[in-house]
Novice: 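To start, I am sharing the structure in question, which I have written as structure tokens.
In what follows, chains carry the letters A, B, and so on, assigned in the order in which the sequence lines appear, proteins first and then strands, with residues in each chain numbered from 1.
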Number of protein chains: 2
Amino acid sequence: MDQSPPRSPSVTVADVARKAGVSKATAARVLGGYGTVSDRVRDAVTAAARALDYQPNELARSMTTGRSGTIGVVVGDIENPFFSLAMRGITDVARQAGFTVVLINSGEDAEAEKAAIRTLLAKRVDGLIVSPAKESDVGHLREAARAGRPLVLLDRGSEMLDVDMVIADDRHAAEGITRRLIALGHRRIAYLTACDTPDHRFRTPSDINTGSVRRRIQGFLGVCREAGLDGMEDRVHVGAVTPEHTHRIVTGMLQSSQRPTAIIASDSVIGLEVFKVCRALGLSIPDDLSLVSFHDADWTSVTTPPVTVVRQPVYRLGETAAKLLVERLNGNHAEASRVVLQTKVIERASVAEAPV
Amino acid sequence: MDQSPPRSPSVTVADVARKAGVSKATAARVLGGYGTVSDRVRDAVTAAARALDYQPNELARSMTTGRSGTIGVVVGDIENPFFSLAMRGITDVARQAGFTVVLINSGEDAEAEKAAIRTLLAKRVDGLIVSPAKESDVGHLREAARAGRPLVLLDRGSEMLDVDMVIADDRHAAEGITRRLIALGHRRIAYLTACDTPDHRFRTPSDINTGSVRRRIQGFLGVCREAGLDGMEDRVHVGAVTPEHTHRIVTGMLQSSQRPTAIIASDSVIGLEVFKVCRALGLSIPDDLSLVSFHDADWTSVTTPPVTVVRQPVYRLGETAAKLLVERLNGNHAEASRVVLQTKVIERASVAEAPV
DNA sequence: TTGAAAGCGGTACCAG
DNA sequence: CTGGTACCGCTTTCAA
């Protein structure tokens, strides 16, 4: 019956030093793996440490070194497969580089994001990876930079900030699928995003604070204009923040007299909901409606019909961001880099000629 | 390598105190929000703090208080929708309770999990939520408890450990769907899980270290036995650790002479792969094969046919675990609780009578 | 190679 | 109510 008593007062370097019969400094040297010690002393300390079951206190260590071995990550919603996959990329790189990750969800709310960064900074994370909710509002990001904490922007850039960022070529992707849709005869093409505006209406791309989405919409509208399609701004729908919202919006547009013949969904969560609504309404994809979704989510290939998507290198987005950050933390002082990862359209069967 | 310490000379309480013309102790009181101070002094300190842009150092605070305001979470794979949803539940509760979350992926590897917990303990997290890869191997979990850090087990319990745990009634769920399948005439029912064994073969439930899965298999085998079905152990397949593995295993079993007429997938990632293989093989669900999957992933309702699933309260699993942990951290010393959340079978259209 | 002592940035106890 | 001061656990000069 080894009733190991609760070891409340944790054993410290001082305890180990005493037991090993050396000074605190010496014990600290071997325990911390720095400085130089004789083999004899090293063994003695190591033995004492094991005997006492010494557990280092990283907090105390960080206190003096100034490095916490931690990187803070702020994403919109870890439940979204886009972010959870990117997060996987981040954690993989971080772990390998010896860093641990602190995660905070912003819920795409600028205020929450601000608080998150403040918290992270207070906890003295070594660096930050943020997927900013609003590109326009970047004061808190500046603050991070000012506090000397390297920052990498994920999936969403910002022209106003001179920091590393890794994004996808969203605009190009949006242009590609829009052209394709138009070539197939579509004229009433809707773009649907979770991003919202104060009055839940869209007027111009500058209404959209989320960089990646704004770039897509710019691409979409640009191609439409080229093709002589006017007033397509009215076909951009914002505020699909939850499946319920999306349901309402899609049902509305699909039941209007000038209903769209094609919908571009800004992420897979929205794409899925569009799919469901079509089913509920008895509309056939792609006969009645063509659908293209951003994010090659796993399920998109098994629906009937499988859905055409814009494949983004999501894992690599996270991976690259983390690599960039780790480099900074290792003293890379080169100027801020802006990595743009290629996307690819995966043609499946949810797109067809526009119905006559 | 120039290890430039990311230490901008941050402003401390001492600086603020000096500027406000009060003692360090007093400044600390207002900045830390404890003790009592006169309004006049409070204002002075607050003003000085703002003027200097004082940012508290949580590390230093934790150092003396012993609380870091942090909880460590170890899950198998954040990319898996099951875990990312549970994680959402955890972070929501944590944030509201004023805690921040450190996430580590174990990749379902016991050694990695061990290292993760060691790291977390060294960083002095206040408590832990772990989804243990192996129930049998719990030394490191004991260590956490011994270090005085409350621990809550997520989704997987352990008989050997007297700690809080929140799990789903997996066994009951498995029994239910197995009965249903048998009632429909199925006799060759396969169970497929990502859990692996040293030789990649299954013999007895005790081969399975993951608690939740073991309980399901026990339920499955129990019902089979009751129904007079023998040797069903041979129909339990392990090692579906990646989509590729799953693909190989499913293709194999579906092409064997005694191929199953029904498959139970232990999670949605596996369920999806089974679905894909059937398609590739030209098998019809549910005419040629019935499919039931654990985890009501979002896509399961939009396939053709939609798939029958065991709905687990995943978000609530995480939420409850976090609540339990927060209670402990607030001084609840009651004995360990074992919360079992109900599951529910969502009947859709992937299950039918066994083909003759 | 080893030891003594001074911090790191707060908190907390105690006296005034 | 306020100030003085001893820590927390570890790193890091600086001497010896």
Side-chain angles (χ1 to χ4, degrees), chain A residues 7-46 48-49 52-69 121-126 147-148, chain B residues 3 5-46 48-49 52-70 121-126 147-148:
Chain A
R7 205 173 52 277
S8 2
S10 55
V11 3
T12 73
V13 275
D15 298 323
V16 175
R18 199 173 312 125
K19 170 133 188 153
V22 299
S23 77
K24 203 176 88 174
T26 304
R29 278 193 264 267
V30 8
L31 262 18
Y34 57 89
T36 48
V37 237
S38 67
D39 287 356
R40 204 178 19 258
V41 171
R42 158 166 292 108
D43 292 347
V45 173
T46 309
L52 264 33
D53 189 25
Y54 167 77
Q55 304 281 106
N57 182 334
E58 281 296 338
L59 288 185
R61 187 169 292 172
S62 305
M63 187 81 246
T64 54
T65 61
R67 311 192 96 214
S68 62
L121 251 24
K123 288 200 187 299
R124 297 299 192 261
V125 293
D126 291 335
Chain B
Q3 281 288 62
R7 302 203 36 65
S8 47
S10 54
V11 4
T12 73
V13 276
D15 298 323
V16 176
R18 199 173 313 121
K19 169 130 186 153
V22 299
S23 76
K24 199 176 100 174
T26 302
R29 276 193 266 267
V30 9
L31 263 18
Y34 57 91
T36 45
V37 230
S38 67
D39 286 355
R40 203 173 25 254
V41 171
R42 157 165 292 107
D43 291 348
V45 173
T46 308
L52 264 34
D53 188 26
Y54 167 77
Q55 305 279 107
N57 183 332
E58 280 296 337
L59 289 185
R61 188 170 291 173
S62 305
M63 188 82 243
T64 54
T65 61
R67 310 193 95 211
S68 62
T70 296
L121 251 24
K123 287 201 187 297
R124 296 300 192 261
V125 293
D126 292 333

Novice: Nearest whole angstrom, please: distance from the P of D/dA6 to the NZ of B/Lys24.
Specialist: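 Rounding to the nearest Å, NZ of B/Lys24 and P of D/dA6 are 11 Å apart.
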
Novice: Would you give the length of the straight line joining atom CE of A/Met63 to atom CZ of B/Arg61, rounded to the nearest 0.5 angstrom?
Specialist: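 Output value for this atom pair is 11.5 Å.
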
Novice: Verify the contact: side-chain N or O of A/Thr64 to OP1 or OP2 of D/dT12, cut-off strictly under 4.0 Å; return yes or no.
Specialist: no

Novice: Check whether any side-chain nitrogen or oxygen of A/Tyr34 sits under 4.0 Å from OP1 or OP2 of D/dT12, and answer yes or no.
Specialist: no

Novice: Rounded to whole Å, how long is the line connecting atom CG of A/Leu59 with atom C1' of C/dG10?
Specialist: 13 Å

Novice: Using a 4.0 Å heavy-atom cut-off across all strands, classify A/Thr36 as base, sugar-phosphate, or nothing.
Specialist: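 Result for A/Thr36 = base.
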
Novice: Between atom CG in A/Asp39 and atom P in C/dT2, what is the gap in whole Å?
Specialist: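 About 9 Å, once rounded to whole Å.
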
Novice: Please give, in whole Å, the distance from D/dC8 P to A/Asn57 CG?
Specialist: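 Rounded to whole Å, this separation is 12 Å.
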
Novice: To the nearest 0.5 angstrom, please state how far the CZ atom of A/Arg124 sits from the OG atom of B/Ser10.
Specialist: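 The OG atom of B/Ser10 is 5.0 Å from CZ of A/Arg124, to the nearest 0.5 Å.
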
Novice: Under the side chain to side chain contact (heavy atoms under 4.5 Å, CB included) test against A/Tyr54, which residue among A/Asp15, A/Val13, A/Thr46 passes?
Specialist: A/Val13

Novice: With DNA chain D as reference, determine whether B/Val22 or B/Ala60 sits nearer its 5' end, using the nearest nucleotide of each.
Specialist: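 By nearest-heavy-atom nucleotide position, the 5'-most residue is B/Val22.
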
Novice: Do A/Lys19 and A/Val11 have side chains that approach each other closer than 4.5 Å (heavy atoms only, starting at C-beta)?
Specialist: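 They are not in side-chain contact.
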
Novice: What's the CE-P distance between A/Met63 and C/dG9, to the nearest Å?
Specialist: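 Atom-to-atom, A/Met63 to C/dG9, this comes out as 6 Å.
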
Novice: Just verifying a value: how many Å separate B/Lys123 NZ and B/Thr70 OG1, rounded to the nearest 0.5 Å?
Specialist: 10.0 Å

Novice: Measure the distance from CZ on A/Arg18 to C1' on C/dG3 and round it to the nearest whole Å.
Specialist: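 It is 15 Å, rounded to the nearest whole Å.
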
Novice: Would you state whether a donor and an acceptor, one from the side chain of B/Arg29 and one from the base of C/dG10, lie under 3.5 Å apart?
Specialist: no

Novice: What's the closest nucleotide to the side chain of A/Val37 if the choices are D/dT11, C/dT11, C/dT2?
Specialist: C/dT2

Novice: Take atom CZ of B/Arg42 and atom P of D/dC1, then tell me their distance rounded to the nearest Å.
Specialist: 10 Å

Novice: Expressed in angstrom and rounded to an integer, what is the separation of B/Arg67 atom CZ from D/dG9 atom C1'?
Specialist: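 Rounded to whole Å, this separation is 19 Å.
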
Novice: Please tell me if B/Ser23 has a side-chain N or O lying less than 4.0 Å from either OP1 or OP2 of D/dG3.
Specialist: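 Yes, within the criterion.
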
Novice: Within the 4.0 Å heavy-atom criterion, would you say A/Glu58 contacts the bases, only the backbone, or no part of the nucleic acid?
Specialist: nothing

Novice: Specify the residue among A/Gly32 and B/Ser38 whose closest nucleotide of DNA chain D lies further upstream toward the 5′ end.
Specialist: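 By nearest-heavy-atom nucleotide position, the 5'-most residue is B/Ser38.
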
Novice: Taking 4.0 Å as the cut-off, does a side-chain nitrogen or oxygen of B/Thr65 come that near to OP1 or OP2 on C/dG10?
Specialist: no

Novice: Ignoring backbone atoms, establish whether B/Tyr54 has a side-chain N or O less than 4.0 Å from OP1 or OP2 of C/dG10.
Specialist: yes

